[in-house]
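Chain naming here is simple, since letters A, B, ... match the order of the sequence lines and numbering starts at 1 in each. Just so you know, these numbers use all the heavy atoms, side chains as well, and skip hydrogens, waters and symmetry mates.
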There are 2 protein chains.
Amino acid sequence: MKVLRETIVSTARELFRSKGYSGASMNDLADAVGLKKSSLYVRFPNKEALVPAVLDLTLQETFGQRDLGSRQWDVEFIEVIELIAATLIDRGRCVGLHLAYGTSDDTPIAKDAVRAFFQAHRDHLSSILSRVMPVDVARDIATDTLARLEGATAFVAIFGEKDAMKRAVRLSIEEAQKAAETESLV
Amino acid sequence: MKVLRETIVSTARELFRSKGYSGASMNDLADAVGLKKSSLYVRFPNKEALVPAVLDLTLQETFGQRDLGSRQWDVEFIEVIELIAATLIDRGRCVGLHLAYGTSDDTPIAKDAVRAFFQAHRDHLSSILSRVMPVDVARDIATDTLARLEGATAFVAIFGEKDAMKRAVRLSIEEAQKAAETESLV
DNA sequence: GTCTATAGAAAGATAGAC
DNA sequence: GTCTATCTTTCTATAGAC
């Protein structure tokens, strides 16, 4: 029976998230979706080609059906980072970071996809923030917000602790609002 | 010719850092230190046993010859986190985090070693901070500091950017000093 | 303690039948 | 599009000579 492409991609995402790029095998993936290994090569030329597909799906789910600019900047900002934080707590790890650490010059397509993935995150947050502050400030706060979320994820992964993530969300929102106020006074 | 145990461990660390637990092979390690693969099994019973050795060495290098309590708390705090930040920028990745993501219930010894590694980091920072603030506040600030450093490392790894790390160090120091001042006024 | 040699399993990927 | 079967390489780990 035909298996949907999205099933393969989202299953590959779980494998990459938990086992990393080199730890996830095509055989594991085939078993998980109910196919034989060779059938995967009909849809994807090789293992590396799964990486852009996995990250594109994740970007789509995070930013896809979002109507940019129709609401208050802070409502949008809070909604996005709380969605990201909730996913990171739920899954316990960041698939993007695991792939970032697990790819190298040996896997240039995967490496490029990882860069694009994080750049898209930064650009999206930055575009929300830049409505109420200069672009360079917005970019730094977007970067620091993502860094905080990634770092807090480490404590979820290692100790199962969610507290650091909650503080990361709260502090990032406070930092953004403070910057917005500062700039509006100039 | 005999190869020093420390040479094997520090070489294994570089392999784990860049390729992760499953991506690093015993053959790569043997080649890198100038031994045959089978000779490694004389010193280490298996690949997993390298993980505690790698993380213990790193802990020793970070906290080993440090005389706790002989100087001002903030001098010690700044010195430690700047050492960690400098290493993370220099190597481009955190071996602890790569191993945290790369180990699982299949590798319980490695998983335990990773937990101990991060707990030791948190305990060390927390013990410095708790000289001038309550232990629960100290623990949260220690956690957030480590999370910030880990998150900033992602931007070093992915984009080669060092700015986020510089801000992480600066903001962590400011946060600690602010908490110390607040508590001294109570 | 290091070596050669090898076992045994698992990896990525391909060929060809249906 | 999925399957069986296979190729080739690489993996962890062990046995035994020196």
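Following rounding to the nearest Å, B:Asp31 (CG) and C:dT2 (P) show an atom-to-atom distance of 15 Å. At whole-Å resolution of the value, CG in A:Leu50 and P in C:dG12 are 10 Å apart. What separates CG of A:Leu29 from C1' of C:dA10 is a distance of 16 Å, to the nearest Å. Rounded to whole Å, atom C1' of C:dT14 lies 17 Å from atom NZ of A:Lys36. For B:Phe44 and C:dG1, the CZ to P distance is 11 Å, given to the nearest whole Å.
Between B:Glu76 and B:Arg131 there is a salt bridge, since a side-chain N of the basic residue sits under 4.0 Å from a carboxylate O of the acidic one. Salt bridge annotation for B:Glu14-B:Arg17: present, with a cationic side-chain nitrogen under 4.0 angstrom from a carboxylate oxygen.
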Criterion side-chain hydrogen bond (donor to acceptor under 3.5 Å, both in side chains) on A:Arg93 and A:Ser18, from CA distance to verdict: CA-CA 7 Å; A:Arg93 292 173 167 181; A:Ser18 60; 5.5 Å; no

Letter per nucleotide, 5' to 3', of nucleotides 11-18 of chain D [B base touched, S only sugar-phosphate touched, - untouched; heavy atoms, 4.0 Å]: SBBBB---

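When the side-chain nitrogen and oxygen atoms of B:Ser39 are compared with OP1 and OP2 of C:dC3, one or more of them lie within a distance under 4.0 Å.
Counting only distance, with no hydrogens or angles, the side chain of A:Thr87 and the backbone of A:Leu83 share a donor-acceptor pair below 3.5 Å.
Counting only N and O atoms by type, the side chains of B:Ser25 and B:Asp28 include a donor and acceptor under 3.5 Å apart.
Listed by first then second residue, pairs satisfying side-chain hydrogen bond (donor to acceptor under 3.5 Å, both in side chains) with a partner in residues 136-165 of chain A read A:Arg122-A:Thr143, A:Arg139-B:Glu161, A:Asp140-B:Arg167, A:Asp144-B:Arg167, A:Arg148-A:Ser172, A:Arg148-A:Glu175, A:Glu161-B:Arg122, A:Glu161-B:Arg139, not counting sequence neighbours.
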